Structures are given as C-alpha cells and as structure tokens.
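To keep things clear, I will list the structure first and then write my remarks on it.
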Amino acid sequence: AAAGFAVWPFDDARPGRPVAVEIWPRVLYAAPVVKSSAVQRAAYLERHAGGVADVFRRVAAASDDAFDALTAALAMWDRRASLAALPPARDPVERREGRIWEPAVA
C-alpha cells in the first residue's frame, strides 16, 4: 500500500491505480489439465497459448509454478475488463478476510 498499490477487496480499486488480487490459477485454466504432468502441461500450452513464443511455452511446461504463472497471466489478460471493474467488498467478513478473484465465465 505504501508503494501505491491497492489490495483488493480491501482498498479502493480506482482506475489508474495498480491493484493486487489473489487468484487461484486452476480456476482460470481454459480446459482441464493434469498440472503435475509435464507432457500434459506442454499439450495444454500448445492448444491454449499458441500466440506465446515457443521459448516461454517450454519454460512454462517445465514447471508447475511457471505453468500457473503463464496460464494465469493469459487468463487475466483475456479478462482484463473484469479486472478493471473489481467490485468492492460485499460484507464485513470479506472486508476482514478478503476474496479470491474469479471472473465470470462467458
């Protein structure tokens, strides 16, 4: 917060202010995948990340964490309108405990 970031849903996510959100990458996957399998990670990325340079797909396929990072970044980019319109906390519990961002599924 001291660096100017809002932390959603605790802070006001006004336009132009960087916002940190908590996500669960598996919720953002475009299709089911056995994340512990390098072969399945590579196949998933071949199908769903074709616009990403081969070198980045290879790095993402090599590690569970890198796979989550790339798939989450792509999903968040696809849903950037939802991220730009984050609603405030819904109730006192959410204002205290927080919330995991889950975009609406089209």
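Source: prediction; values computed, not measured.
Residues Arg41 and Ala60 approach most closely at NE-O, 4.1 Å, considering heavy atoms. The shortest non-hydrogen separation linking Gly4 to Pro18 is O-CD, 3.9 Å.
Legend: residues meeting salt bridge (Lys or Arg N to Asp or Glu O under 4.0 Å) with Arg90, ordered by chain and number and at least two apart, are Glu94.
Using a 4.5 Å cut-off on side-chain heavy atoms (C-beta onward), Glu102 and Leu28 make no contact. Within the 4.5 Å cutoff, side-chain heavy atoms of Arg17 are placed close to those of Asp11. Residues Leu86 and Trp101 meet the side-chain proximity criterion, which asks for heavy atoms closer than 4.5 Å. Between Pro87 and Arg99, the closest side-chain pair of non-hydrogen atoms falls below 4.5 Å. Contact of the Arg79 side chain with the Leu83 side chain is not registered, since no non-hydrogen atoms from C-beta on lie closer than 4.5 Å.
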Donor-acceptor pairs are to be reported for all side-chain atoms of residues 66-78 against protein atoms at under 3.5 Å, with residues two or more places apart or in another chain.
from	atom 1	to	atom 2	distance (Å)
Asp68	OD1	Tyr29	OH	2.5
Asp68	OD2	Lys35	NZ	2.7
Thr71	OG1	Phe67	O	2.9
Thr71	OG1	Asp68	O	3.3

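The same ILVMFWY cluster, assembled from side-chain heavy atoms under 4.5 Å apart, contains both Tyr44 and Phe56. There is no path of hydrophobic side-chain contacts, each under 4.5 Å, that joins Val21 to Ile100. One hydrophobic cluster, built from ILVMFWY side chains closer than 4.5 Å, holds both Val52 and Val33.
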Phe10 vs Arg95, side-chain contact (heavy atoms from CB on, under 4.5 Å): CA-CA, chis, key distance, verdict: CA-CA 6 Å; Phe10 307 109; Arg95 280 190 286 282; 5.5 Å; no

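Ion pairing between a basic and an acidic side chain is recognised when a charged N comes within 4.0 Å of a carboxylate O; Glu46 and Arg57 show such pairing.
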